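Here the structure is a predicted model, which is why all the values come from computation and not from measurement. Chain A is the first sequence line, chain B the second, and so forth, proteins listed ahead of strands; every chain is numbered from 1.
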Amino acid sequence: MDYRPGEIEARWKKQWEASHLYKIDNQSDKPKFYVLDMFPYPSGAGLHVGHPLGYIASDIYSRYKRLKGFNVLHPMGYDAFGLPAEQYAIETGVHPAVSTDKNIARYRSQLDNIGFSYDWSREVRTSDPKYFKWTQWIFVQLFEHYFCNDTQKARPVAELNDIFAAEGNAKLNAATSQEDAFTAEEWKAMSTKEQEEILMNYRLAYRKVTYVNWCEALGTVLANDEVRDGVSERGGYPVERKPMLQWSLRITAYAERLLNDLDELDWSDAMKKMQSNWIGRSEGAQLFFDLDGHDRNIEIYTTRPDTIFGATFMVVAPEHSWVAEITTAEQKAAVESYQEWVKSRSERERMSEVKEVSGAFTGAYAVNPFTGKKIPVWISEYVLKDYGTGAIMAVPADDERDHRFAEKFGLEIIPIVDKSDYPGATMEDKVGKMINSEFLDGMEVLDAIKEITKRIEAQGIGTKKVNYKLRDAIYSRQRYWGEPFPITYDKEGIAHPMKLEDLPLELPELDDFKPASGAKSPLARATDWVNLPNGFTRETDTMPGFAGSSWYFLRYMDPHNDNAFASQEALHYWKDVDLYVGGTEHAVGHLLYSRFWHKFLYDKGLVPTNEPFKKLINQGMIQGVIENMYMLKEKTDGASHFVCSRIVKEKHMEDAVQIPVHVDFVRDYGSQNSWIDVKGLKKFIEWRPEYKNAIFECGKGMYRGSELIAEKVNGDFGLVTHSEVGKMSKSKYNVINPDEVVAEYGADTFRMYEMFLGPIEQSKPWDTQGISGVHNFLRKLWALFYDENGNFTVSDEQPTKEELKILHNAIKRVEDDIERFSFNTCVSHFMKAVNDFKAGGCNNRQVLEQFIVLLAPFAPFVTEEIWEKLGYKESVHKAVYPVLNEDYLKEDSIKYPIAFNGKTRAFLQLPADADKATLEKAALESEDTQKWLEGVTVRKVIVVPGRMINIVVG
RNA sequence: GCCCGGAUGGUGGAAUUGGUAGACACGCCGGACUUAAAAUCCUGUGGGCUGUAAUGCCCGUGCGGGUUCAAGUCCCGCUCCGGGUACCA
């Protein structure tokens, strides 16, 4: 009987679902193990073959762990809120909930097709009110807490009232955006509104004025990557930086912990490094420069306080409110026009245009506290308001940007570091001897930093300070399809959180999803929803995508709980994610926010672990191949003329136009010689009727006209296409749906082939060149169980030593390789074992049964089918993983390579238990080595037992 | 620019701590079956050199050096490719 994956897989898919095979319990005597895939956004395009790469790996690992006796939590759900559905709704009027449901249904059927072992009873969707009730609740918790820097923990905002009433805010060391100090008396004298405004500056979820990319013409706020050269990507309308009152999360409070705790994680170094660079800790000094003729001073942050004697001017961010105050009458026009220009600059431009410096002089002068010299104060876009204090002392001699700025505007440059002892050192390297720096002269840079910091603190003009690049996360979106904020505002504008019993706060029904006027969310149009009977109004912005995805892994532990985001019993049983598989694109977004939320919940005693994801594996991307045909620029007899890329190369016609071809029309897709045959040309013409009269030319002749009339064609006609590697996307006509591959070869082949492609973390273009090898393997496996008459037969005899050796060798290698996530080599080991079984004519029940269990995580369908035929009533996926017995692997003798001066010249079969001396003697006395020993002296013999023997001669 | 990866046959890749480079596949060559083809099966397959064609010799893991009895693996210097990131004071 033939191996028919289609029949087998359809049957078992049904049966597994009916028997709830993958449903698991929160109570078990078994040890727990939590394997998580990254939350997919269910896009309208469906899954392509790249998506399941990580899912297959994690599924194999989950199944393996189950067979090994673990209670494995392996869930799946959907990050269901998001912009694409909203955009689609604006274009088509289809409610985002409707299109999202449809997309999810498609995802689900594609996932089921691949045979994943998810416990679907635990599915979550972020857009489900039962889910976002708790997203909203966590937001309220963040709102009601502040962060104490001394204890490095979140504390209730409620206690601040007592603290402020007793001692003002001077002594409180908390993460805050409150700039001004106040006394207890001042606090008590404040109105409720004033007090609330101050408390807001301490909350972990707080409101402040932040800038958005506002596009007046589109009437919407744009993301950074939707803005190019100061205009919108869509339509090219002007975009300006518009200040708006928005919610933010104070992730910066947790910067130190987010950085330090990376140490305890089993993540790749590259990933940790990315996070730590993003957090961007730096040590430096914060100090004050007096302003000549003004009451105020300028606070700056520097990592190089040692260079202060070279500080010849200052630069402040153009956004600082006090810039107007210090600007002189003569400079007013210049400063204002510069500020106006900066407004039109996107954040991305301000950061990416490195070469061109710009700025304006305020007319004000600051006093260098060490030299006493007056130095000019400039504004420039290269100083960002949100980093440090938004002001710097510029040291043109020792900083690239300052140097360019000084050169452009003719400002003084005083050399202060002599780097002559360090050839090749750049300006930024902290090396060299101080010069022109009075008491620092002659010191090494690092010593000078220590010395000057001491002096700054002694003189009371500043302090040592740690600074972070990390910025607070803006948490408001002017969109419809997201979680509504559980916040109402009273008549004075004071924000009030909603109570748990009033949650979830659901979205109002709308039929128009366009933004409301004045940069407002579409929710603003739902006036009945916004305006409450008591005169309060609702927040109309919604939460961003990372809201729901920052805690979803906790919900899987107890997905239907209506009394808590998850029960404490469930949280204490599952604790944290043991293995998280996902792409590097989430390195600094999702993974950082999740860690932040988790740490907050940990501070509240709501989760038992400090970190959510113990081990992280990064999967590479499967790219697509974009196939193009070459079309000559000039028409032939008025018809478009396509030529084979071989001809293009031969005749050097590389300037020919490339016309993308749908990959379905191309043969040997992904290979270097992918080509299009006459059938493919017919499909192409159907798809692109404008080319129905075109000429198609290859080395063997040409075809032309709508009927594809052959001219001068001898031999097989085929146009080689030009292939390039790129993203798999709808717009490139190169999306490969896993359903197609599964339909042709079956899910087991698809799963194993994706693994066989190479190391999981490597990116590579999809091609099916090798898929037949994997498919043949499964057929050979199938054939082991059938005799020549097509009857299922296994022998019940005692297995031979050789059979046991093949089996246990496979067990050892596969298990080792699964543990180090080397799934591609696992597939090789399976192939090797089946080849060996076949060669030895093995159909021994004892051996093959264990082999089937070993293979079950990789090929769940075919193994289940054979398992049943072997007479088992219970699923192979509930079997026990085979146990390795090293005794079967022991060899009596080993084939030793004998090398002379490192070059292998002969082989000797020697006893496995021979000691070094015996091995050496045998190697020197063997017949096979004699010819290499003639006329030379043996200087040394290196013997590595079990490995090799190297004879050094000379 | 900086940081992190990577470069191995015609192709995907293997070699876990320095110890037989090329496992396992694809492709290709040759053969069997067939009227023929497809499918299947068997065999060979890094390159080169040959005289007795083998259990032979030489070369070979991006390039140039080095350490070592021994280097794909370690060190130094380059080239190319991929990813991340950026006026961050």
Derivation of the side-chain contact (heavy atoms from CB on, under 4.5 Å) call for A:Leu53 and A:Phe823:
CA-CA 11 Å; A:Leu53 186 70; A:Phe823 300 105; over 6 Å; no
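Straight-line distance from the CZ atom of A:Phe777 to the P atom of B:rA23: 18 Å, rounded to whole Å. If you measure from atom CG of A:Leu470 to atom P of B:rA89, you get 14 Å, rounded to the nearest angstrom. Atoms OH (A:Tyr753) and C1' (B:rG12) sit 7 Å apart, rounded to a whole Å. Protein atom NZ of A:Lys764 is 12 Å distant from nucleotide atom C1' of B:rG6, rounded to whole Å. Look at CZ on A:Arg401: it is 13 Å from C1' on B:rG1, rounded to the nearest Å. Per the geometry, CG belonging to A:Leu910 stands 14 Å off C1' belonging to B:rU20, to the nearest Å. Note: CZ (A:Arg947) to P (B:rG19) measures 6 Å, nearest angstrom. Rounded to whole Å, the distance from CZ on A:Phe313 to P on B:rA89 is 16 Å.
Across all strands shown, A:Asn835 has heavy atoms under 4.0 Å from sugar-phosphate atoms exclusively, and none from any base. Residue A:Gln762 is classed as a sugar-phosphate contact, given heavy-atom separations below 4.0 Å to backbone atoms only. If you check every strand for non-hydrogen atoms under 4.0 Å, A:Phe907 touches a base. Within the nucleic acid shown, A:Gly390 comes within 4.0 Å of at least one base atom, counting heavy atoms only. Contact annotation for A:Ser268: no contact, since no heavy-atom pair falls under 4.0 Å across all strands.
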Distances under 3.5 Å between protein N/O atoms and the N/O atoms of nucleotides 30-32 of chain B, please, pair by pair.
none

Might you list the N or O atoms of the protein lying below 3.5 Å from N or O atoms in nucleotides 67-69 of chain B, with each pair's distance?
residue : atom : partner  : partner atom : Å
B:rC69  : O2'  : A:Asn950 : ND2          : 3.2
B:rC69  : O2   : A:Asn950 : ND2          : 2.5

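Within residues 816-830 of chain A, the residues having any heavy atom closer than 4.0 Å to RNA chain B are, in order of number, A:Asp817, A:Arg820, A:Asn824, A:Thr825, A:Ser828.
Remark: A:Phe821 pairs with A:Tyr61 by the ring pair (Phe, Tyr, Trp, His ring centres under 6.0 Å) rule, at least two apart or across chains. Scanning for side-chain contact (heavy atoms from CB on, under 4.5 Å) contacts around A:Phe900 gives A:Ile898, A:Arg905, A:Thr929, A:Trp932, A:Leu933, A:Ile951, A:Val953, with sequence neighbours left out. A:Glu886 pairs by the salt bridge (Lys or Arg N to Asp or Glu O under 4.0 Å) definition with A:Lys812, not counting sequence neighbours. Applying the side-chain hydrogen bond (donor to acceptor under 3.5 Å, both in side chains) rule to A:Ser276 yields no partners; only residues at least two apart in sequence or on another chain are considered.
Rounded to a whole angstrom, the distance from the P atom of B:rG6 to that of B:rA54 is 42 Å. For B:rC28 and B:rC80, the P atoms lie 35 Å apart once the distance is rounded to whole Å. Taking the C1' atoms as reference points, B:rG64 lies 23 Å from B:rG46, given to the whole Å. Annotation: B:rU17 and B:rA25 have their P atoms spaced 25 Å apart (nearest Å). For the C1' atoms, the distance linking B:rG65 with B:rG1 amounts to 27 Å, nearest Å. With P as the reference atom, B:rG51 and B:rA37 are 37 Å apart, rounded to whole Å. B:rG44 and B:rC29 have their C1' atoms separated by 8 Å, with the value rounded to a whole Å. Annotation: B:rG82 and B:rG13 have their P atoms spaced 16 Å apart (nearest Å).
For A:Thr303 and A:Asp269, each mapped to the nucleotide of RNA chain B holding its nearest heavy atom, the one lying further toward the 5' end belongs to A:Asp269. Between A:Asp402 and A:Met274, the residue anchored nearer the 5' end of RNA chain B, judged by the nucleotide with its closest heavy atom, is A:Met274.
Glycosidic conformation of B:rG51 is anti; the angle lies outside 90° of 0.
Annotation for A:Pro857 and A:Leu854: closest pair CD-O, 3.4 Å, computed over non-hydrogen atoms. Nearest heavy atoms, A:Thr463 versus A:Ile456: N-CG2, 4.3 Å.
When distances run from any side-chain atom of A:Lys832 to the nucleotides B:rA25, B:rA89, B:rA23, the shortest one goes to B:rA23. Of the candidate nucleotides B:rG19, B:rA14, B:rC88, B:rA14 has the atom nearest to the side chain of A:Pro759.
If you check the side chains of A:Glu381 and A:Tyr338, you find no donor sitting under 3.5 Å from an acceptor. A:Asn467 and A:Ser282 share no side-chain donor-acceptor pair at under 3.5 Å. Under the 3.5 Å distance criterion, with hydrogens and angles disregarded, a donor-acceptor pair is assigned to the side chains of A:Thr825 and A:Asp817.
Heavy atoms of other residues, nucleotides or ligands lying less than 6.0 angstrom from NZ of A:Lys464 number 12 at most.
Residue A:Val827 forms a side chain to side chain contact (heavy atoms under 4.5 Å, CB included) with just one option from A:Lys832, A:Met755, A:Glu754, and that option is A:Met755.
Contact annotation: A:Lys273 does not reach the phosphate of B:rC3 (side-chain N/O to OP1 or OP2, under 4.0 Å). Checking the phosphate oxygens (OP1, OP2) of B:rA89, no side-chain nitrogen or oxygen of A:Gln286 falls inside 4.0 Å.
For residues 267-284 of chain A, every residue pair satisfying the salt bridge (charged side-chain N to carboxylate O under 4.0 Å, His left out) rule, not counting sequence neighbours, is listed here: A:Glu256-A:Arg281, A:Arg281-A:Glu283. Pairs passing the salt bridge (charged side-chain N to carboxylate O under 4.0 Å, His left out) check and including a residue from residues 768-777 of chain A, sequence neighbours excluded, do not occur.
How far CZ of A:Phe309 is from CD1 of A:Ile414: 10.5 Å, rounded to the nearest 0.5 Å. Annotation: the span from A:Lys385 atom NZ to A:His320 atom NE2 amounts to 6.0 Å, rounded to 0.5 Å.
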Do nucleotides 40-59 of chain B as a string where each nucleotide becomes B, S or -: B if the base has a protein heavy atom under 4.0 Å, S if just the sugar-phosphate does, - if no protein is that close.
S-S--------------SSS
What dot-bracket string describes RNA chain B from 5' to 3', counting Watson-Crick and G-U wobble pairs whose defining distances are under 3.5 Å, with [ ] for crossing pairs and | for pairs to another strand?
(((((((..(((......[....)))((.(((.......))).))((((......))))..(((((..]....))))))))))))....
Contacts under 3.5 angstrom, residues 774-783 of chain A side chains, donor-acceptor by atom type, not counting sequence neighbours:
residue  : atom : partner  : partner atom : Å
A:His775 : ND1  : A:Tyr745 : O            : 3.4
A:His775 : ND1  : A:Thr749 : OG1          : 2.9
A:Asn776 : OD1  : A:Arg779 : NH1          : 3.3
A:Asn776 : ND2  : A:Ser772 : O            : 3.4
A:Lys780 : NZ   : A:Asn835 : OD1          : 3.1
A:Trp782 : NE1  : A:Met1   : O            : 3.0
A:Trp782 : NE1  : A:Asp2   : O            : 3.4

